[in-house]
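Each remark here refers to the structure printed beneath this line.
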Amino acid sequence: MNWKRVELGGWGRTAVAEMLAARPERLGEVQRALAQVGEEGLVVRGGGRSYGDAALNGGGRVLLTERLDRILAFDEKTGELVVEPGVTFGELTRLFLPRGYIVPVTPGTGFATIGGAVAMDVHGKNHDWAGSFGDHVLWLDLLLPSGQVVRVSPGERPELFLATIGGLGLTGVITAISMRLMHTPAQGVTVRETRVADLDAMLAELHQHRSTSTFSVAWIDAQAPARSLGRGIVEIADPAPEDSRFETAPRRRTMPKHVPSAFLNSVSVRLFNRWYSRRIAPEGRQRSLSFERFLYPLDSVLEWNRLYGRRGFFQFQCVLPDKDGPAGLKQLLETVAKSRRASFLSVLKTLGREGRGHLSFAQRGYTLALDFPRRSGTDVLLALLERVVLDHGGRVYLAKDAALSRHGFAAMYPKLDRFRAVLHEVDPEGRLTSDLARRLAIRAGT
Ligand SMILES: Cc1cc2nc3c(=O)[nH]c(=O)nc-3n(C[C@H](O)[C@H](O)[C@H](O)COP(=O)(O)OP(=O)(O)OC[C@H]3O[C@@H](n4cnc5c(N)ncnc54)[C@H](O)[C@@H]3O)c2cc1C
């Protein structure tokens, strides 16, 4: 296998690493690559859309899945699809929507791969009824560090299956995924946007639509004054009638290579938030959007992560359980406001239930995502936010994380011991690894 020295980063560009990379095209090449891995370890990398260090392995090896991107089988009657791990959500939407099928759970970017979605057990804007991505997986083919390929599913090696869903790529290289696509006659959605005055109103609006609407998501103005804490816009969407005319995604543009770090400051973010909120008339608005435009709003600006300048940015995403959620969210927003650090895009969604994987992120409650440019002191703010999440029984999402503490991680993921037991069995030497796994001591105790 040909290994090439590369420098790669997480999507937030705060974590960067030098590694030896291979780009296999066939399963045999993946097996040969894995056989060459020694103590330096190997990480698998899909679309590189994790924000932190989950797909990095500084000083070690990385296996890029971009050429493992074949559709292996599709049953038109049942919707059962089998793909290689490097296939992206964007590609599946493009290929299957015209045939009346859609992936039931998709993250907010079409550039994420199906392998990456399994390894993070991702969620979409429809978690209350659709659950997480892993809930739709029928089986996986997994190349174990031993070189053996095994099929895992809820019925075959179930403990390994549950460790692999949301398993951060540490149990093996996922080489094939079988899932069920959902039938949809609609080619887009009808979206209703409503302005809400504060956090209580926002939570009431989201709660009301949890069980009745297909998709829901809210944007929060994290710079609103204290009396309007949590004000923002709630978007509710449902499949549109077949004869609708849809606004499609705008032509793709690319963010300039060098954006000055000072471009996003508290003034520019305040102006953005004000503009964003006032796009919507006080009485709300309704639009019909293509699925691509609705599901992947940021994908029309390629490399938008450069907006934060050379130093990059952190995304902090957590989930707080239903009961303590409102108090926890209030405290999180107050902590951000007090820090005077601008969060440019702040997104709130509801999640319906626990994910099925041992390290799945989802639990029933509210998930809030906040973006912060990396400046001096941002780490202090992130530690304060972690504390609030711990105090309210929540957890931080590892797909977005670059700053969580080991102690926080262990306290937030109660099935960690079961996960470690599986790792001990399938990879006692720790050949599959990542900077995230080392930072959080995920293997400790194995
Ligand atoms: C704009 C944007 C919006 C997003 N919105 C959401 C959202 O709404 N919901 C959500 O849940 N997430 C969201 N994310 C996060 C993203 O969906 C996850 O980080 C996802 O894992 C990215 O997939 P990827 O292919 O880029 O994986 P990578 O970032 O390349 O890797 C992620 C993990 O998957 C592992 N992995 C990848 N391929 C394999 C394989 N074949 N075998 C074993 N392990 C593998 C890697 O080792 C790593 O641990 C968003 C990210 C961005 C940039």
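Both counts, for ligands and for their atoms, begin at 1 and track the order of listing. Note that the structure is a prediction, hence the values are computed from the model and not measured.
For H123, heavy-atom contacts with ligand 1 shorter than 4.0 Å involve the backbone as well as the side chain. When heavy-atom distances to ligand 1 are checked against a 4.0 Å cut-off, F111 has no atom that comes that close, whether in backbone or side chain. Contact annotation: for K125 versus ligand 1, there are no heavy atoms closer than 4.0 Å. At a heavy-atom cutoff of 4.0 Å, ligand 1 is contacted by both the backbone and the side chain of A112. The part of Y51 lying near ligand 1 is the side chain, judged by heavy-atom distances below 4.0 Å. Neither the backbone nor the side chain of F133 comes within 4.0 Å of ligand 1, counting heavy atoms alone. The proximity of K349 to ligand 1, defined as any non-hydrogen pair under 4.0 Å, is limited to the side chain.
When A437, G108, A55 are ranked by how near their heavy atoms come to atom 6 (C) of ligand 1, first place goes to G108. Around atom 34 (O) of ligand 1, the closest heavy atom drawn from G110, G124, A119 belongs to A119.
Atom-to-atom distance recorded for L298:CG and W304:CH2 is 5.5 Å, nearest 0.5 angstrom.
In summary, the atoms of ligand 1 found under 4.0 Å from a heavy atom of M120, numbered by their order in the structure, are 21 (O), 33 (C). Each of the atoms 41 (N) of ligand 1 lies under 4.0 Å from some heavy atom of P85. Listed by number with element, the atoms of ligand 1 under 4.0 angstrom from any heavy atom of R45 are 30 (O).
Ligand 1 has a nitrogen or oxygen under 3.5 angstrom from a nitrogen or oxygen of Y397.
For atom 16 (C) of ligand 1, the closest heavy atom belonging to the protein is R49 O, 4.2 Å.
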